[in-house]
Amino acid sequence: MLKMTHLSKVYRTEVVETYALRDFNIDVKEGEFVAVTGPSGSGKTTFLTIAGLLETFTGGTYHLDGIEVSQLDDNARSKIRNEKIGFIFQAFNLIPDLNVFDNVEVPLRYRGMKAPERKQRIMDALERVGLASRAKHYPAELSGGQQQRVAIARALAGSPRLLLADEPTGNLDTQMARGVMELLEEIHREGATIVMVTHDPELAARAQRNVHIIDGQVVDLAEDPRFHAHVVEARQGKVAAE
Amino acid sequence: MKLHPMIAALRRHKAGVVLIALQIALTLAIVCNAVFIIGQRVSRVNRPTGLDENNLMLVTQSWVGAPSGDQPGDVDKLDSMQQADLAALRAMPDVESVAPINSLPLLNSSWNGSAALKPGVELREGNARTTYYFTDEQAFRTLGLKLVAGRAFTPADVQHRGFRDTSTPPVVIVTKALADKLFPDGTALGKTIFLDGGSSPSTIIGEVDRLQVPGTGSWTNSFTWNATLVPTRLDAGFARYAVRAKPGRLDAVMHAVPQVLYGVNRMRVLDDDSVKPFAQIRQEAYRSDVGMAILMGVVCLILLGVTAAGIVGLTSFWVGQRHRQIGVRRALGARKIDILHYFQMENLLISGVGALIGLGLAIGLNMLLMKHFEMDRLPVLYVLAGIVVVMALGQGAVFAPARRASNVPPVVATRSV
């Protein structure tokens, strides 16, 4: 589904070159739920922006759903973002001027979908996140958790092949975060491929697979015992709770 | 692109939307009426007088110590002085022809009266107001008038009389406009008219195609083309001569005329303003019209500029305000062109509302001007053209900020600030 090979991302200024990603390799299979972790500045978000075709990369190859994306022009990248990728952002990124229904409609509109199908998909997505009754509300009238659920509905409405989540619970309190995480797990169980960037070891532990990034490279978890310990503890906690 | 979400978004930015829509409405109302007024002024300025204006000049002079014209013998003496001037001017090598004349079209000096079909009647039904041009047999050649019926004056038709003498000429030539007014059902040739309520008839011997009255004020609007040519030299302490120079020799004649006239009689007043080409007469006559047209044009341009600046400013502000939102839209699949079209469509909506309000305001303003300033009804074409202009202005003004918006990268969606 998502395969990056020897990928690099370099930010250049007149005096310095900074490698955000270096010889970066990752292969996410269809239906996987992968958590990407790492310290601040390690390159997690850069990885996510490149994976979501929000940014270009400097070297290497990137295949998304079988398509090599490095040579695509801006319009083609927009089309893939629209049809194959669903985004869930830390800051929700709902459009404050639009109500819930219209927010969920945004990506569908850019797809040129007919109105009846759009409406059906929007209502289905809102039903799924439990917010069908709030369709006419504006984002400012919803709690943080509800806003993130709307964002998830927006990501799901287009039936994407890949869900990219950037710290999806980062702006939520524990209870709301738990609700959002449960929703993501439910979506994964239904067959979605999810790549989630997170700082939170507990959330990472709930993913199917963890990928750790340090200094722009994927490292083996076994090579970072401190992190490994966090994950193991978190997983044990989850098992105990169940 | 569906309008409903756009309208919903605009409703949440009411103040900016209302201000721009009102600005567009006011601009449309003012510009439509101003352009209409400019158009009227320009067509006034450009209307032909009926003269062949090239190579034509006017000499205005007065004698010092000339007889008053009130004593017996004064008129003949004044006439001989005038004839001596005419002979000297006509003898100049670069002069084609010269005619004595009391005034010219566009000149701020006129002798006006009325022409009637019955004696002793003034300005009633079937009568017409007219201006008089007192001249001689060289008038047609000098002024370049176009005779459309009858004949021109011959030397035998020409008389002379004192300035205060009110005797009626036996023959006259009238403009076609005056002839049509007096005799709408047939030819005026050979018919008699009575001038200024007098009892002696004057026979119409010819019709000229077109000859404008002196003066350009609105008071002349009712008889702009009603002129009567009278074959009479007026004798007074001053005289005017219309002079046609040979092609390309106008400047030379203008320079030589004072010397020639002083050669005839040094006891006269000729100042800098005494010898002027017709082009200068035209320029002076329409100076205020041209000035007003330029002023209104500048006001229109300023208004359009301010409106465009307002649109650029507000859209730039909105682009800045929605920077992240634009990034989110791009991340969700919007192409650059979608973002560009979004802002263009948004502007089209605001301009459309402004134009609708402006349509009403333009008509209202026109009605107000019609009521208080004798303005004509604003043609619908002007309003429609105005709407197209403000819509195009809006699209032009919004393009740069909209293009800037379309270049917001999708990665902005992931940035926390």
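Naming convention: chains lettered A, B, ... in sequence-line order (proteins, then strands); numbering from 1 in each chain.
Side chain to side chain, B/Thr307 and B/Thr27 meet the donor-acceptor criterion of an N or O pair below 3.5 Å.
To the nearest 0.5 Å, atom OG of residue B/Ser351 and atom CD1 of residue B/Ile311 are 5.0 Å apart.
For the side-chain contact (heavy atoms from CB on, under 4.5 Å) test, residues two or more places apart in sequence or in another chain that qualify with A/Ser42 are A/Pro39, A/Lys44, A/Ile213. Not counting sequence neighbours, B/Leu381 has no partner by the side-chain contact (heavy atoms from CB on, under 4.5 Å) test.
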>> B/Arg44 vs B/Asp289, test: salt bridge (Lys or Arg N to Asp or Glu O under 4.0 Å). Steps then yes/no.
In response: CA-CA 8 Å; B/Arg44 248 167 73 84; B/Asp289 288 277; 3.3 Å; yes

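Checked by atom type and distance alone, the side chain of B/Gln344 never pairs as donor or acceptor with a backbone atom of B/Val398 at under 3.5 Å. The backbone N or O of A/Leu172 sits nowhere less than 3.5 Å from a side-chain atom of A/Thr169 that would complete a donor-acceptor pair. For A/Arg118 (side chain) and A/Leu108 (main-chain N/O), no donor-acceptor pair under 3.5 Å exists by modelled atom type. Under a 3.5 Å cut-off, the side chain of B/Thr315 and the backbone N or O of B/Val312 do not form any donor-acceptor pair. Proximity of a side-chain donor or acceptor of A/Lys9 to a complementary backbone N or O of A/Thr56 within less than 3.5 Å is detected.
Listed by sequence position, A/Phe87, A/Phe89, A/Ala91, A/Asn93, A/Ile95, A/Pro96 are the residues of residues 86-96 of chain A in contact with chain B, using a 4.5 angstrom heavy-atom cutoff. Using a 4.5 Å heavy-atom cut-off against chain B, the contacting residues of residues 61-85 of chain A are A/Asp74, A/Asn75, A/Ser78, A/Arg81, A/Asn82.
Across B/Gly327, B/Pro409, B/Ala331, the residue that shares the most heavy-atom pairs under 4.5 angstrom with chain A is B/Ala331.
Using a 4.0 Å cut-off between charged side-chain N and carboxylate O, A/Asp124 and A/Arg121 make no salt bridge.
Interface residue B/Arg329: backbone and side-chain heavy atoms are both found under 4.5 Å from chain A. Heavy-atom distances place the side chain of A/Tyr138, and not its backbone, under 4.5 Å from chain B.
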